[in-house]
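Below: one structure, written as structure tokens.
Heads up: numbering here begins at 1 and tracks the sequence.
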Amino acid sequence: MNEATRPRAFSGIQPSGALHLGNYLGAIRNWVRMQATTDGVYCIVDLHALSVPQPPGTIRQATIDLAADLLAIGIDPEESILFVQSQVPEHTELAWHLQCVAAFGELRRMTQFKDKSERADFVSAGLFTYPTLQAADIALYDTDVVPVGDDQRQHVEFTRDIVTRFNNRFGDVLVVPEHRIPTAGDRIMDLQAPESKMSKSTDSPQGIVYLTDPPADIEKKLKRAVTDNDAEVAFDPTGKPGVSNLLTILAVATDSDPDTVAKGYSQYGPLKTDAAEALIEMLRPFQERRAELDEPTTIELLHAGADKARERATVVMDRVRAAVNLLA
Ligand code: AQP
């Protein structure tokens, strides 16, 4: 299939901290796999990261580090476009148009906004309108599929709603996308608090497996993972969230499913040891490639990616301006 006939995929990730297992198993692994069948556009969404206060000077370095991580994981700049959101100004322009068709009430219902705003001392207007910028990111590339983890399901559905509303007002201008959420690994939980998702911005150093963690740290974190007292290995995410998380991790790392994996264990100890081993093996090639990537090469690839992204974004933005009937 050539670029013109393959479905278009788009997804983004914030440079808001080091990559963890949830980001990889829930989303990025799919990005890499889908490169064979889709025309992929992958974006480091640095403007999204600004929606919560960041320590001064951290975003630039975090952006470069994240790009190197994505290249080492297998995002191939020959196959896909990898770029930084702030280098393509059309994202914020389209976001404004979408904000003007989004309703205040539907933004207020977004669970990510509710969760993050409840935990924050300062709630920015940007955090509130975040889903409209995300909708613009997606719509700007005529996206057909959006590979994301389950936590982004509501935002992609919101994108479908406002893109459809925009089209109803202004004509058939934007493509209505669909999400692509994995059947297992769509929500990896914190090892120390398995009722919460593993997240870059929570303070849980022992609960998060970072992709750059050395093998000894992975073993230690898995060994200390919270389980329960009844010592029965079964996949039951509501009743046994800790054990189910370990089963999911081992299943996804070995391309199996959690119920099948559960049948092979009667104790938590061997399950933890095998899950750690599978993760160490899964991450080894990434960790080796990551050590070889230097900053100047990474920055150069990002600039080239931004040029390619901008070429596509200007075409869609021209369509939007014409449809809204602004003075050319
Ligand atoms: N725990 C998770 N399990 C499965 N998928 C996950 N994703 C994130 N956490 C998990 C998926 O990773 C992609 C990139 O996420 P993001 O950085 O853009 O934002 P996020 O969803 O808010 O991720 P974090 O790690 O929780 O970041 P912070 O703490 O900065 O908000 C998305 O596709 C997401 O579904």
Side-chain angles (χ1 to χ4, degrees), residues 13-14 16-30 110-120 148-155 179 181-283:
I13 181 152
Q14 300 183 66
S16 50
L19 277 186
H20 57 73
L21 200 58
N23 298 135
Y24 179 62
L25 297 180
I28 301 165
R29 194 162 84 142
N30 258 349
M110 294 292 123
T111 50
Q112 184 170 295
F113 173 72
K114 285 197 234 165
D115 288 351
K116 288 197 172 176
S117 57
E118 271 163 22
R119 285 188 268 138
V148 283
D150 184 62
D151 60 325
Q152 293 299 324
R153 184 188 295 270
Q154 191 187 32
H155 284 172
H179 52 62
I181 296 172
T183 45
D186 59 336
R187 192 172 278 262
I188 300 296
M189 311 309 274
D190 187 297
L191 298 179
Q192 289 299 316
E195 54 298 322
S196 310
K197 74 160 193 162
M198 199 176 274
S199 174
K200 290 194 224 91
S201 55
T202 47
D203 184 20
S204 177
Q206 294 308 310
I208 302 173
V209 177
Y210 295 105
L211 301 197
T212 47
D213 274 348
D217 288 6
I218 297 178
E219 276 167 12
K220 213 183 295 164
K221 288 180 184 180
L222 269 284
K223 206 170 178 180
R224 292 183 186 162
V226 167
T227 48
D228 51 44
N229 293 327
D230 73 9
E232 188 209 352
V233 180
F235 185 64
D236 169 11
T238 314
K240 298 173 78 68
V243 179
S244 300
N245 194 34
L246 292 172
L247 288 168
T248 300
I249 290 171
L250 178 54
V252 182
T254 55
D255 276 322
S256 180
D257 69 88
D259 282 308
T260 309
V261 171
K263 292 193 182 102
Y265 295 90
S266 54
Q267 288 176 311
Y268 296 157
L271 170 64
K272 290 179 170 183
T273 309
D274 287 358
E277 229 169 75
L279 288 185
I280 292 165
E281 278 316 305
M282 184 182 78
L283 294 176

Stepwise, does the side chain to side chain contact (heavy atoms under 4.5 Å, CB included) test hold for Arg224 with Gln192? CA-CA 8 Å; Arg224 292 183 186 162; Gln192 289 299 316; 4.1 Å; yes
Would the number of heavy atoms belonging to other residues, nucleotides or ligands and lying under 6.0 Å from CG of Asp230 be above 12? yes
Under the side chain to side chain contact (heavy atoms under 4.5 Å, CB included) criterion, do Val233 and Leu246 qualify, and how do the steps go? CA-CA 10 Å; Val233 180; Leu246 292 172; over 6 Å; no
Contact between Met198 and Leu25 at the side-chain level, heavy atoms closer than 4.5 Å - yes or no? no
Could you check if a side-chain atom of Leu279 sits within less than 4.5 angstrom of a side-chain atom of Lys221, using non-hydrogen atoms only? no
Answer yes when Lys197 and Asp150 have at least one side-chain N-carboxylate O distance shorter than 4.0 Å, and no when they do not. no
Side-chain contact test, heavy atoms from C-beta onward, threshold under 4.5 Å: evaluate it for Leu271 versus Val243 and give yes or no. yes
Inter-residue atom distance Gln152.CD - His179.NE2, 0.5 Å rounding: 11.0 Å
Atom pair CG/OG1 of Asp190 and Thr202 - distance to nearest 0.5 Å: 5.5 Å
Got a second to check how far Thr248's OG1 is from Asp186's CG, nearest 0.5 Å? 8.5 Å
In residues 260-267, what donor-acceptor pairs under 3.5 Å come from side-chain atoms, sequence neighbours left out?
from   : atom 1 : to     : atom 2 : distance (Å)
Thr260 : OG1    : Asp257 : OD1    : 3.0
Thr260 : OG1    : Asp257 : OD2    : 2.6
Tyr265 : OH     : Asp274 : OD2    : 2.5

Inspect the contact between Asp255 and Arg29 and indicate whether a charged nitrogen and a carboxylate oxygen are less than 4.0 angstrom apart. yes
Working to the nearest 0.5 Å, report the span between NE2 of His20 and CD1 of Ile28. 8.5 Å
Is a side-chain donor or acceptor of Tyr268 paired with a backbone partner of Glu232 at a separation under 3.5 angstrom? yes
Rounded to the nearest 0.5 Å, what separation is found between the OG1 atom of Thr111 and the NE2 atom of His155? 6.5 Å
Could you give the distance from CG (Leu283) to CG (Asp213), rounded to the nearest 0.5 Å? 8.5 Å
